[in-house]
**Q** 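Mind having a look at this structure? Questions to follow.
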Amino acid sequence: MDTARRFYVTTPIYYVNDEPHIGHTYTTIVADALARYHRLIGDEVYFLTGTDEHGQKMQRAAEQRRISPQQLADQVVENYQRLWPALGISYDDFIRTTEARHRRGVYALFEKIRRETPDALYKGTYRGLYCTGCEAFFAPGQVTDGVCPEQGHPVEEVEEESWFFRLSAFGDRLLELYDTRPEFVLPVTRRNEVRGFVAEGLKDLSISRSRSQVSWGLPFPGDEQHVVYVWFDALTNYISALGYGQDGAAPLYARYWGEAAGQLHLIGKDILRFHAVYWPAFLMAAREPVPTSVFAHGWWLRDEAKMSKTRGNVVKPWPLLEDFGADALRWFLLREISLGLDGSYSDEALIERTNADLSNNIGNLFSRVLALVARHEAGTVPAAEPLVDEELGEAIEQARDRYRSGFDRHDPGSALRALTEWADAVNRYLVRKEPWRREGREQSCARVLRTACEQLAQLALRLHPAMPQGASRLWSSLGLGEDPAAEARPGQDLLDARRWPVAGSSVRAGERVFPRLDKKKLLGEAAATGSDEPTAGGAAETETEETGMIDIDTFQQIDLRTAKVVACEPHPDATKLLRLEVDLGTEKRQLVAGIATAYTPEQLVGRTIVVVANLKPAKLRGLLSEGMLLAASGPDGRPLLLSVDGDLPPGSKVS
RNA sequence: GGCGGUGUAGCUCAGUGGUAGAGCACGCGGCUCAUAACCGCGUUGUCCCCGGUUCGAAUCCGGGCACCGCUACCA
């Protein structure tokens, strides 16, 4: 009889062309910890990760190396397939979007949508953001502040034929989903965000790209001139990996999708919309069940600053793994931040956290108890009746509850905090009972040690989701075997046991399972190799914060120039905006400015104004603005334009 | 501009209608079974500000400020 609950947990599929960074690592470690926790409590678990291998970046990188995109994908997928085992990631399946089973899943989902909701897909005209520099289209989600994600060129709107998904028809159903199943988007703050976005109205979604633009992708079913839009392709991995669309029955899909199981998509907050809006809409159109929860976690910041390639402060997992080991890295990432909030990464924080929690607290606790057992009980856990006093008993019960509820809320940080409190309680218990004072009280000392060993077993078991390797070493030092999770069985909750049969097992003392990390040595090395962030930038930023002043260098980053207005008209879709064409001497630019309340187009043509020439372009009410004109605000809030005292050619530098 | 979040000890952050918490740091004491560990005591806080509800609010409500996120007819 199969009564176990089922738990399906996924990470996003990562783009193979990027090197893994701490963000990928974090998501995957959280997923792994949850998967391992659910196995411990007797759930049937299916844990999926994988890689996204289509797209133009892959195509281009392959061209440069004169190999096929598939060959390149086969090479670089190892970036992930080598990293995950080194971090102890226990995935059940690894899906690649270039696999045949994935392609079948994508086509099956299209097929089902066409059958169930025939008007959900239609051919229309795509007004896309095109980057001439890169000769590429970008989805609105990829473009920030009007520049392409590849090289920061401005993008412009262009039209081409495209297939659309009628997302606009799903707004009400999505809102109903968010309202009736509040756990669909977690944490709550993200749910509000998504709800607000959907409530403002949805536009239809282009789900194809011209083959001439992007050839490395799945051919659009029934239209070979197009390939499938990356997000339709990528999101489908969550069911294609379960055999959706395969010939005959798909037992995994039946087992882990829909009401038969609970599904958790773990993601970073950057891709929330795709998972919380597009994905359920696709599934609704196909009349397939939507997942139980999409959980968006926060970002890891580097010493308070956002991580980005341009800043050069991206934290990569391999060096951390080498310096600190998988246990410390996993513990730090899981323990340090809580439930969806951002966290700060620094080497120093990692060292302090793991020294305090793992070495001083848990590791040292094992060390002292096992040393006593070795010395006074001949290395064998005494069979004496345990002796849990009231204070210890209360602390344990609290820690048990907090551990469980932490993981049940997908909050490993809270769960792990309960374990250090548990160890604190045992440390205090030892001080109260003093099992090292033997004279005339051998029997009660034996009972105390038996009690302590049981608590150690409980701790080691519960450390397993966070640190499988460290937990195994602790487990075997208690003489209990190689792996605490070896006992896990579907339908059997290992965390239910109040007692653990440790009596009679032979312990191994004298081993430092979690040696202290030498802060001076490790940080010194980090500084010497230059892998730490330089301090100069940080100091300058601090100064700015304190005085509100900037230095001349900062000012000179702003490219102010004169420009002549050659044409001007009202914005077609806005009442307060004007569209201006200005001559910058070397080029003509389009600006959109909110000055329609103060100026008519006729008043502006021919005037020479001052503009910021190197501002990131932005789209204002549908029109691209490639710069910003300068105006002073009058007392009534109306803008008055800056002009130049005399005649100057357009494009003159202003400083 | 709109919506949402956050604001707690020197630092990093938990917590929550009923005498302010942890880790790190600092001081004193203890223990010496243990990984310069562990245990106890102590210092540092107007729990962002102002109002309100309440017997009682840091915790609930209203307003404000700061920072962050999403979004926009900001430029």
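By convention in this document, chain letters (A, B, ...) are assigned in the order of the sequence lines, proteins followed by strands, and residues within each chain are numbered from 1.
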**Q** Of the options B:rU35, B:rA14, B:rA75, whose atoms approach the side-chain atoms of A:Arg516 most closely?
**A** B:rU35
**Q** Would you indicate whether A:Glu442, at its atom CD, is surrounded by more than 12 heavy atoms from other residues, nucleotides or ligands within a distance under 6.0 Å?
**A** yes
**Q** Can you identify which nucleotide, out of B:rC33, B:rU71, B:rA14, has its nearest atom closest to the A:Trp436 side chain?
**A**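 Among the listed nucleotides, the one closest to the side chain of A:Trp436 is B:rC33.
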**Q** Relative to the 5' end of RNA chain B, which residue comes earlier, A:Pro435 or A:Ala423, by the nucleotide with the nearest heavy atom?
**A**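 On the 5' side of the pair lies A:Pro435.
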**Q** In whole Å, I'd like the distance from the CG atom of A:Leu365 to the P atom of B:rA34.
**A** 13 Å
**Q** Using the side-chain heavy atoms of A:Val431, tell me which of these nucleotides is nearest: B:rA34, B:rC39, B:rA75.
**A** B:rC39
**Q** If you compare every side-chain N and O of A:Arg438 against the phosphate oxygens of B:rC33 (OP1, OP2), does one of them come in below 4.0 Å?
**A** no
**Q** I want to know whether A:His297 and A:Tyr26 have ring centres closer than 6.0 Å.
**A**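 Centroid distance A:His297-A:Tyr26: below 6.0 Å, so yes.
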**Q** Using a 6.0 Å distance limit plus a 45 degree cone around the ring axis, check whether A:Arg191 lies over the aromatic ring of A:Phe184.
**A** no
**Q** Between P on B:rC70 and CZ on A:Arg190, what's the gap in Å once rounded to a whole number?
**A** 8 Å
**Q** Tell me: CD of A:Glu434 to P of B:rC31, nearest whole Å?
**A** 10 Å
**Q** Angle between ring planes, A:Trp231 versus A:Phe274, binned at 30° and 60°: parallel, tilted or perpendicular?
**A**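 The arrangement is parallel - the two ring planes meet at less than 30°.
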**Q** Identify which nucleotide among B:rU35, B:rA37, B:rC33 has an atom closest to any side-chain atom of A:Asn364, counting heavy atoms from C-beta outward.
**A** B:rA37
**Q** Name the closest nucleotide to the A:Phe197 side chain, picking from B:rU71, B:rC39, B:rA36.
**A**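 From the listed options, B:rU71 comes nearest.
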**Q** Summarise how protein sits on nucleotides 18-28 of chain B as a single string, 5' to 3': B when a protein heavy atom is under 4.0 Å from the base, S for sugar-phosphate-only contact, - for no contact.
**A** -----SS----
**Q** Counting only heavy atoms not in A:Lys564, do more than 12 fall under 6.0 Å of its NZ?
**A**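 No, not enclosed.
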**Q** Within the pair A:Arg375 and B:rA34, is there a side-chain N or O less than 4.0 Å away from OP1 or OP2?
**A**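 True: A:Arg375 side-chain N/O within range (under 4.0 Å) of B:rA34 OP1/OP2.
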**Q** Which whole-number value in Å describes the distance from A:Arg432 CZ to B:rC39 P?
**A** 11 Å
**Q** Let's test this: given Watson-Crick or G-U wobble pairing with both distances under 3.5 Å, identify the partner of B:rA72.
**A**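 The answer is none; no pair meets the criterion.
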**Q** Answer yes or no: is there a side-chain heavy-atom contact under 4.5 Å between A:Ser414 and A:Arg409?
**A** yes
**Q** For RNA chain B, whose closest nucleotide is more 5', that of A:Leu358 or that of A:Leu629?
**A**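 The residue whose closest nucleotide sits nearer the 5' end is A:Leu358.
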**Q** Between A:Glu391 (CD) and B:rG40 (C1'), how many Å, whole number?
**A** 12 Å
**Q** Quickly work out the A:Glu439 CD to B:rC33 P distance and round it to whole Å.
**A**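 Rounded to whole Å, this separation is 11 Å.
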**Q** Taking any strand in view, what nucleotide pairs with B:rC11 in a Watson-Crick or G-U wobble way, both distances under 3.5 Å?
**A**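 Pairing partner: B:rG23.
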**Q** Does NZ or CZ of A:Arg353 lie under 6.0 Å from the centre of the six-membered ring of A:Phe332, at an angle within 45° of the ring axis?
**A**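 Ring-cation test returns no.
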